[in-house]
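Heads up: the structure comes next, in structure tokens.
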Amino acid sequence: DGYHYFKKGVFGINWNFLIWKIKYKKLMHRNDLIYTVPSSWMFERAKSSIMLNKSEIRLLPNPIDTELFKPAAVNSISSFRTDLNIDHDSFVIVYNSTTGKKNKLKGIDILNNALKLLQSKSLNIPLSKIILINFGGSKGEEQTHGFRNISVGYINDTAELAKIYSSADCVVIPSIVESFGQVAAEALSCCTPVISFDTSGLRDIVHHQSNGLLAEAFSHTSLCEKMIEMIKTSKKNRLSMGEKGRKYVLENLSYPILSKKYLNIINRNL
């Protein structure tokens with residue numbers, strides 16, 4: 001919607017307003033630019049904005065390297081779980097904790113509330129068999145609402161990250177907003193079903209009861225219910241979800257597919 005010169009709580013010059021006006025004047029008459037957005041949600045936002053509503057905008061999702069993000073071998077998964085002292089019959093939930101405690105949009109607080117509620121629910125496996133693994137933060141291990149929570153730290157190796165996704169029974173993404181949903185796409189590419197909120201760019205990637213489950217935004221109760229549903233889903237059906245997830249990524253988000261779309265945009269083809 002743009003910015004207003006006067007804004008409550010801003011004393012002196014509202015620099016956001018001036019910067020926006022400069023951008024608007026520079027861009028409003030340009031017809032030689034094509035803007036790309038990574039999700040349908042961002043596409044609608046861009047089309048309705050004052051800055052870009054008369055511009056040429058194309059949908060171009062982020063590409064996923066499906067040769068790197070792929071299901072890990074069974075022995076590799078077994079070795080990973082053994083190294084962390086996780087039984088083969090445990091249910092492993094993976095989530096990304098990068099900047100989560102600082103960035104409210106990542107929804108870690110909502111996830112914590114959902115886990116607190118999950119602790120009180122009747123499940124088909126003991127609570128001790130539900131293991132949390134998070135990546136992106138500091139290494140360590142703690143108890144989170146009665147669940148064993150293992151922090152594997154920052155992962156800069158794609159193969160290692162793919163192994164973490166592959167070793168999970170599901171990946172939970174509690175984000176309030178995602179322009180695309182990189183973690184969701186990477187996890188699905190590794191054949192691991194995803195639970196997220198029904199919101200923003202995640203809607204393009206996570207398809208309810210097909211390759212994952214969508215919780216009501218932004219309800220910790222609904223998120224808890226979807227985790228329970230996934231825990232009670234048979235291994236066979238979870239594997240089927242994961243396979244559908246990889247199929248979707250291969251057909252819509254892989255480099256061969258998106259390189260063609262990118263070339264079409266450059267050549268201004270429809």
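It should be emphasised that the depicted structure is a prediction, and the values quoted were computed from it without experimental measurement. Numbers here are sequence positions counted from 1.
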Donor-acceptor side-chain pairing of N96 and N134 below 3.5 angstrom: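 No, no side-chain donor-acceptor pair sits under 3.5 Å.
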**Prompt:** Strictly by modelled atom types, are N237 and S234 linked by a side-chain donor-acceptor pair under 3.5 Å?
**Reply:**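 Yes, S234 and N237 have a side-chain donor paired with an acceptor closer than 3.5 Å.
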Quick check: does any side chain N or O of [X] sit under 3.5 Å from a backbone N or O of [Y], one acting as donor and the other as acceptor?
X    : Y    : value
D157 : E160 : yes
S259 : Y255 : yes
N16  : Y5   : no
S200 : V177 : no
R238 : T233 : yes
S120 : L117 : yes
H220 : L111 : no
D204 : S40  : yes
S167 : K163 : yes
S48  : R45  : yes

Relative to the ring of Y165, is the ring of F69 parallel (under 30°), tilted (30 to 60°) or perpendicular (over 60°)?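 Tilted, since the angle between the ring planes falls between 30° and 60°.
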Is there a continuous path of hydrophobic side-chain contacts, each under 4.5 Å between heavy atoms, that joins [X] to [Y]?
X    : Y    : result
F43  : I257 : no
V94  : L118 : no
I205 : V194 : yes
V249 : V171 : yes
M51  : I22  : no

Salt bridge or not for [X] and [Y], using N-O below 4.0 Å?
X    : Y    : value
E243 : R246 : no
R81  : D169 : yes
K106 : E178 : yes

inquiry  = Pair I130, L123 - check side chain to side chain contact (heavy atoms under 4.5 Å, CB included), show working.
reply    = CA-CA 10 Å; I130 299 175; L123 302 170; 3.4 Å; yes
Open item on the list: Is there a side chain to side chain contact (heavy atoms under 4.5 Å, CB included) between F147 and L127? Walk through the geometry before answering.
Closed with: CA-CA 7 Å; F147 301 105; L127 291 182; 3.6 Å; yes
Which heavy atom of [X] sits nearest to which heavy atom of [Y], and what is that distance?
X    : Y    : result
Y24  : I50  : CE1-O, 3.6 Å
L68  : A162 : O-CB, 3.6 Å
S166 : P71  : OG-CA, 3.5 Å

Evaluate M230 against F91 for side chain to side chain contact (heavy atoms under 4.5 Å, CB included), listing each step before the verdict. CA-CA 10 Å; M230 189 67 78; F91 189 92; 3.9 Å; yes
Could you give the distance from [atom1] ([X]) to [atom2] ([Y]), rounded to the nearest 0.5 Å?
X    : Y    : atom1 : atom2 : answer
S97  : Y154 : OG    : OH    : 12.0 Å
L33  : I57  : CG    : CD1   : 11.5 Å
K129 : R148 : NZ    : CZ    : 11.0 Å
I133 : Y95  : CD1   : OH    : 10.5 Å
E141 : L132 : CD    : CG    : 10.5 Å
S49  : E44  : OG    : CD    : 11.5 Å

Would V37 and L60 count as a side chain to side chain contact (heavy atoms under 4.5 Å, CB included) here? Give the steps. CA-CA 6 Å; V37 292; L60 185 69; over 6 Å; no
| Can the ring centres of F17 and H4 be said to be less than 6.0 Å apart? |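 No, the ring of F17 stays outside the 6.0 Å limit from the ring of H4, centre to centre.
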- request: Would you indicate whether K116, at its atom NZ, is surrounded by more than 12 heavy atoms from other residues, nucleotides or ligands within a distance under 6.0 Å?
  value: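 No, not enclosed.
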